[in-house]
Structure formats: structure tokens, C-alpha cells
Chemist: 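Pasting a structure here, questions to come.
Just so you know, ligand 1 is whichever comes first in the structure, and atom 1 is the first atom listed for that ligand. What's counted below: heavy atoms across the whole structure, side chains too, no hydrogens, waters or symmetry copies. We number each residue from 1, following the sequence as shown.
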Amino acid sequence: MRTLYWENNTLFLLDQTKLPLSVEYISCRDYRQVASAIRTMQVRGAPAIGAAAAYGVVLGALAYEGQDTERLVAHIRRVAQSLAETRPTAVNLFWALDRMLKKLSQLQTSPSGDIIRGLLAEAHGIYQEDLAMNRRIGEFGNSLVPDKATILTHCNAGALATTGYGTALGVIRAAHEAGKDIRVYADETRPLLQGARLTAWELMQDGIPVTLITDSMAGYLMQQGKIDLVVVGADRITANGDVANKIGTYSLAVLCRHHRVPFYVAAPVSTIDVSLPCGAQIPIEERDLEEVCRVGNQRVAPEGVPVYNPAFDVTPHYLVTALITDRGVIRPPFDQGLAEALKGNI
Ligand code: MRU
């Protein structure tokens, strides 16, 4: 099942708001549809958002009807800006848009056909590189997974959150493919239930044993010694190794420290943001309060109750056992390791 793909100048997105009850693709021919799909989380997960936005830029370029190259370039920059305004936390979105804009700068004096072809090639590059990075994350991460391990994960950092294979679920997939007898506990991940709707579904499709729990059950399982390791994805990793990820990740990391369970974060280099020294600087998205008041379409909270809905939290670097990147496993001190990873030195 492809999370997103490009065909006939159209971007197809698997509508993740409908999963697992129905498998439907949205066809986008307008960049505004892509922006809306990112905002409403029909496509979600840091690397998938980045790849979708890259194709969104191409759709914006294709829709331009004038002949003037300078105006085309200005139009594409505006398209990229509106895609950048969809979700603030996952840095992969800005990483992908920066790549597209760099490509645009290289091509800005070329004929418009060359500009569009160049941008499409760059978007395909982002798509393919993400897939390859996830495979490498899987290989590196597999070395940290003992046979017969029981692994807890949060949210969905799987094929559905990337262009394929997944980051945290890439590690789990690689261990399963290596023949290890692993099992997974998936946190349901309130309020939008990415764990219940997406991770449980994705792992079941691959025949990887998965048990669904509510978020508040994780501590009880660790107390009973039932969890060997936790692996999660990331939306942004700052220069010191602080990690923004789905709300609830920090609580898990604290539980891991208390119960001496390794806490791993799996992410490609496109998630690393060394421009920010630490996690306090990461913009944390706050989403519609209705998400907390409802489970699916069912309202569960009293009308008028004050609600707070931050979509992400920040886990401080000192709670992270290791970062599993496509360049290798980074252990503390993370600042050195991250800088070396970005230079390609590990
Ligand atoms: O709000 P979402 O569903 O986009 O949040 C997704 C996560 O927090 C993932 O763990 C993260 O993006 C990593 S995906 C490989």
C-alpha cells in the first residue's frame, strides 16, 4: 500500500483519516489540495509531509499559465510559502521545501519546461531518498533489537508516515525480516489514534504480532517487566539531541528511565535541525480542540469544557538512549554525533 505516489501529473495520497475502515486515495492536481491534506492530516508523519509538499510545489508550477519565467519563479515561491504554513513542528516539511527552492534557484533562468522537469526530478529524489534512508535506519536499528524482544511504540512512524518502510516501524520490520521473534505493543495515541488506526493496521498487514493498548497502560506494562525497549519516530531533533514527537512521547521516555528500559528514537537526517540549539525552540503545533472532545465522530466531553490540545511534546536528550539514523546509531553526547552524521562522517 503506497502512502503517496505521482502519476499523470497528479499526486495520489492515501487518505489516512479514513484508515483502517476504508482504503481511499485522494487525487491532487492543485497544490491547495495538498496543503489542505497536510493540514487535515489526510497525509501525516514527518517524512510523508515533506514528500507530499515537494510534489505540491510541482503541482503549483504546473498550474501556472503565463509565459514569463520570472513570474513563474515568483509564483512557485508563493506556492512553497503556503505549503510551509500548513504544520509547524515537523522539520522535514521545511527541509523538503528548502530543497525544492534551492533547485528552483539553480534553474531560475532556464525555460519554464526545464524548471518544471527539474522540480519534478527533485521531488522524485526526495521520495526515493526517504525510502532508502528508512531501509538503512532499519538495518542499523535491527542491531539493537534482541531476539524475542517485546517493543513498545507510540503514534505511527511507519510506512504510512514516510514514503515507505517507516522509521520506528522500519526498525521493527527489519528485526522481523531478520527472523527475530519480536512482538509489539502499540499505544493507541490519543487524540487522533494513529497507533490504533494506523500502526496496528500496518503491522497486521505485515503479519508482525501487535497488541493495542491505551496510552495510559504503558507504565503498568513496564512495571511488570513486559517491555524490552521503546522505539519511536521524531518530527524534529535539535542540535543537542532533544526530540519533538507525538504528544505522549515524553511521558514514555520518563517511564523508560524509571524502569531502565532503553528509549530509542529512529529518524532520517531530514529530521535533524541543527539550526535550533535545543528543544525549547521547537514550535509545537496546537490543534483543533474538538479533537480532544471527540473519539472518532462521537463527542465525549461536556459542551463548553476548556480544552488544551498540543500535538507534540519534547523529550530532553538525556532521556534518549540512542538516535537511530540512516547514517548510523548515535549515542550521547548527541551534539557531536549529530554534527558528524550531518557531515556524513559516521
Ligand atoms: O501528527 P502526526 O500524525 O503527523 O505525528 C506523527 C509523529 O509524531 C511521528 O512519530 C513522526 O512524524 C515521525 S514519522 C516517521
Side-chain angles (χ1 to χ4, degrees), residues 3-4 13-17 19 37-53 86-96 126-127 129-131 133-138 141 152-173 186-202 215 230-237 243-253 263-273 279 282-288 291-292 309-315 320 323-326:
T3 304
L4 63 146
L13 299 172
L14 177 58
D15 185 347
Q16 300 196 30
T17 61
L19 288 172
I38 294 173
R39 214 175 264 118
T40 60
M41 293 172 62
Q42 288 171 307
V43 60
R44 36 67 51 201
I49 294 171
T86 50
R87 294 191 76 189
T89 305
V91 77
N92 309 60
L93 172 65
F94 310 105
W95 173 88
I126 288 169
Y127 182 102
E129 283 167 38
D130 184 56
L131 200 54
M133 288 194 285
N134 293 333
R135 290 267 174 193
R136 287 199 292 276
I137 288 170
L152 178 67
T153 190
H154 190 66
C155 193
N156 173 270
L160 290 168
T162 60
T163 64
Y165 205 67
T167 57
L169 295 196
V171 172
I172 287 169
R173 276 202 169 91
D187 279 352
E188 67 171 351
T189 318
R190 273 282 285 152
L192 293 182
L193 302 172
Q194 290 93 328
R197 296 187 302 104
L198 309 176
T199 296
W201 182 75
E202 208 184 300
D215 301 335
V230 169
V231 61
V232 296
D235 287 84
R236 198 186 293 230
I237 301 172
V243 174
N245 191 49
K246 180 53 55 194
I247 191 77
T249 302
Y250 168 60
S251 320
L252 269 187
F263 180 83
Y264 297 117
V265 176
V269 285
S270 53
T271 305
I272 301 169
D273 180 6
I282 300 174
I284 298 294
E285 179 182 13
E286 290 185 25
R287 293 188 61 85
D288 190 344
E291 291 178 355
V292 175
N309 187 19
F312 299 94
D313 59 27
V314 176
T315 299
V320 178
L323 301 168
I324 306 166
T325 75
D326 52 292

Chemist: Can we say Glu188 and Arg190 salt-bridge, meaning some charged N sits less than 4.0 Å from an Asp/Glu carboxylate O?
Modeler: no
Chemist: Looking at Ala46, which atoms of ligand 1 are within less than 4.0 Å of one of its heavy atoms?
Modeler: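 Close to Ala46: 12 (O), 14 (S).
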Chemist: If the condition is side chain to side chain contact (heavy atoms under 4.5 Å, CB included), which residues does Ser251 pass it with, not counting sequence neighbours?
Modeler: none
Chemist: Any heavy atom of His154 closer to ligand 1 than 4.0 angstrom?
Modeler: no
Chemist: Would you sort out whether Thr189 and Asp187 count as a side-chain hydrogen bond (donor to acceptor under 3.5 Å, both in side chains), showing the intermediate values?
Modeler: CA-CA 5 Å; Thr189 318; Asp187 279 352; 5.7 Å; no
Chemist: Any nitrogen or oxygen of Met41 lying under 3.5 Å from a nitrogen or oxygen in ligand 1? Just yes or no.
Modeler: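 Between Met41 and ligand 1 (N or O atoms, distance only) the closest approach is not under 3.5 Å.
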Chemist: Could you identify the single nearest non-hydrogen protein atom to atom 6 (C) of ligand 1 and state the distance to 0.1 Å?
Modeler: Arg44 NH2, 3.4 Å
Chemist: Where is the nearest protein heavy atom to atom 9 (C) of ligand 1: which residue, which atom, and how far?
Modeler: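 Ranking protein heavy atoms by distance from atom 9 (C) of ligand 1, first comes Asn245 OD1, 3.4 Å.
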Chemist: Locate the shortest heavy-atom distance separating Ala46 from Asp235; write the atom from each residue and the value.
Modeler: CB-OD2, 3.7 Å
Chemist: In the protein, what heavy atom is nearest to atom 5 (O) of ligand 1, and what distance, to one decimal place, separates them?
Modeler: Lys246 CE, 3.3 Å
Chemist: Give me the nearest non-hydrogen protein atom to atom 11 (C) of ligand 1 as residue plus atom name, then the distance to 0.1 Å.
Modeler: Asp235 OD1, 3.2 Å
Chemist: Looking only at non-hydrogen atoms, find the nearest pair between Asp313 and Gly248 and report the distance.
Modeler: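 Smallest interatomic distance, heavy atoms only, reads OD2-N, 2.8 Å.
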Chemist: Pair Glu286, Asn309 - check side-chain hydrogen bond (donor to acceptor under 3.5 Å, both in side chains), show working.
Modeler: CA-CA 6 Å; Glu286 290 185 25; Asn309 187 19; over 6 Å; no
Chemist: Give the numbers and elements of all ligand 1 atoms closer than 4.0 Å to a heavy atom of Ala157.
Modeler: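 What qualifies from ligand 1 is 14 (S), 15 (C).
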Chemist: Distance only, no hydrogens: is a donor on one side chain within 3.5 Å (strictly under) of an acceptor on the other, for Asn156 and Arg197?
Modeler: no
Chemist: Which of the numbered atoms in ligand 1 are under 4.0 angstrom from any heavy atom belonging to Pro47?
Modeler: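 Within the 4.0 Å cut-off of Pro47, ligand 1 contributes 14 (S), 15 (C).
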Chemist: Please could you name the atoms of ligand 1 that Arg87 approaches to less than 4.0 Å, counting only its heavy atoms?
Modeler: 1 (O), 2 (P), 4 (O)
Chemist: So does Gly233 get a backbone contact from the side chain of His154, meaning a donor-acceptor N/O pair under 3.5 Å?
Modeler: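 Flag not set: sc His154 to bb Gly233 has no pair under 3.5 Å.
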Chemist: Is any side-chain N of the basic residue among Asp273 and Arg236 closer than 4.0 Å to the acidic one's carboxylate O?
Modeler: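 Salt bridge: yes.
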Chemist: Report yes or no: does Asn156 have a heavy atom closer than 4.0 Å to ligand 1?
Modeler: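 Yes, Asn156 has heavy atoms under 4.0 Å from ligand 1.
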Chemist: Does ligand 1 have an atom under 4.0 Å from some heavy atom of Glu285?
Modeler: no
Chemist: Examine the proximity of ligand 1 to Gln194 and report which part, side chain or backbone, both or neither, has a heavy atom under 4.0 Å away.
Modeler: side chain
Chemist: Applying a strict 4.0 Å limit to heavy atoms, is Ala234 in contact with ligand 1?
Modeler: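 Contact present.
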Chemist: Would you mind running through ligand 1 and noting each atom that sits below 4.0 Å from a heavy atom of Gly45?
Modeler: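 Every atom of ligand 1 under 4.0 Å from some heavy atom of Gly45: 4 (O), 12 (O).
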Chemist: Does Cys155 have a heavy atom less than 4.0 Å from any atom of ligand 1?
Modeler: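 Checking ligand 1 against Cys155, which is what was asked, there is a heavy-atom contact under 4.0 Å.
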Chemist: Any chance you could measure Arg287, atom CZ, to Leu192, atom CG, to the nearest 0.5 Å?
Modeler: 6.0 Å
Chemist: Can you name the closest pair of heavy atoms from Ile284 and Phe312 and give their distance?
Modeler: CG2-O, 3.3 Å
Chemist: For atom 14 (S) of ligand 1, what's the nearest protein heavy atom and its distance?
Modeler: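 Here the nearest protein heavy atom works out to Ala161 CB, 3.4 Å.
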Chemist: Measure the distance from atom 15 (C) of ligand 1 to every protein heavy atom, then report the residue, atom name and distance (to 0.1 Å) of the closest one.
Modeler: Thr167 OG1, 3.1 Å
